[in-house]
Structures are given as structure tokens and as C-alpha cells.
Amino acid sequence: MANTHATTIRAFIVGRHPQAELTDEQDIFSLGFINSLFAMELVMFIEKEFGVSLPNDELRIDNFRTVSSMAELVERRLSAAVSA
């Protein structure tokens with residue numbers, strides 16, 4: 001399932017940066033795709049698209065550095081919601 005999440009997240013980023021040829025493991029911060037405004041858009045997109053809430057302790061740069069880390073974050077939050 002995380003692969004599906006990664007595909008959706010990557011499509012959102014590439015939608016904003018059509019020139020991006022992005023793999024799931026590339027650091028989107030070092031590639032220059034993220035600024036503070038886009039970071040907030042990304043958080044809001046993930047919450048709305050996947051129906052998850054991202055608490056402050058999950059809003060760490062390492063959770064948003066790669067498409068894979070964001071997909072893993074979504075999986076963790078979905079699992080936490082199911083077990084709650």
C-alpha cells in the first residue's frame with residue numbers, strides 16, 4: 001500500500017514541479033523543490049488526500065525528505081488510526 005501512497009505523493013510534487021524527474025529516495029529538500037510554503041501545502045495535501053492527522057511530533061524534516069519517507073509516515077498514521 002505504501003507504494004500507492006508514494007505514487008500519489010510523487011504525482012503531487014511533480015504536478016508543482018513538472019521538470020522534476022523524481023525517484024522515491026531522492027532528497028526533495030536538497031533538490032530545491034521545497035520551500036516553507038510548499039512544505040505546508042504538502043502537509044495539508046497528505047492530511048486531506050489520505051484522511052490522516054499529522055501531529056506536531058510527526059512534522060519533522062526527516063518525515064518529508066523523500067517520497068518514501070512521506071509514504072511511510074502515511075502508513076504509520078493510518079495504522080495508528082486503525083488501532084486507536
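Owing to the predicted nature of the structure, the values given are computational and were not obtained by experimental measurement.
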Quiz prompt | Greater than 12 external heavy atoms within 6.0 Å of Gln19's CD | solution = yes

Quiz item: Should Leu73 and Met40 be regarded as members of a common hydrophobic cluster, given that ILVMFWY residues are connected when their side-chain heavy atoms come within less than 4.5 Å of each other, either directly or indirectly?
Solution: no

Exercise. Can you see which heavy atom on Phe38 is nearest to which on Phe33, and at what distance?
Key: CD2-O, 3.5 Å

Quiz prompt | Test log, rule side-chain hydrogen bond (donor to acceptor under 3.5 Å, both in side chains), inputs Thr4 and Thr7 | solution = CA-CA 5 Å; Thr4 302; Thr7 301; 6.0 Å; no

Self-check item: Interatomic spacing from CG in Leu37 to CD in Glu41 - rounded to 0.5 Å
Solution: 4.5 Å

Quiz item: Do Phe64 and Ile28 touch side chain to side chain, with heavy atoms closer than 4.5 Å?
Solution: no

Exercise. For residues His5 and Leu78, determine if any side-chain heavy atom of one lies less than 4.5 Å from a side-chain heavy atom of the other.
Key: yes

Quiz item: Looking just at side-chain N and O atoms, do Thr66 and Glu25 make a donor-acceptor pair shorter than 3.5 Å?
Solution: no

Quiz item: Residues two or more places apart in sequence or in another chain: which of them pass salt bridge (Lys or Arg N to Asp or Glu O under 4.0 Å) with Asp62?
Solution: Arg65

Exercise. Quick one: pull up CG in Asn3 and CG in Asp24 and give me the separation to the nearest 0.5 Å.
Key: 7.0 Å

Distance-only criterion, 3.5 Å: show the donor-acceptor pairs between side-chain atoms of residues 42-52 and protein atoms not counting sequence neighbours.
from, atom 1, to, atom 2, distance (Å)
Glu47, OE2, Leu54, N, 2.9

Self-check item: Nearest-0.5 Å distance, CD of residue Glu21 to CG of residue Leu31
Solution: 11.5 Å

Quiz item: With distance as the sole test, does Arg77 use its side chain to make a donor-acceptor pair with the main-chain N or O of Ser53 at under 3.5 Å?
Solution: yes

Self-check item: Nearest atoms (heavy-atom pairs only) where Ala71 meets Ala6
Solution: CB-N, 3.8 Å

Quiz item: For Asn63, which of Glu58, Met70, Glu72 qualifies under side chain to side chain contact (heavy atoms under 4.5 Å, CB included)?
Solution: Glu58

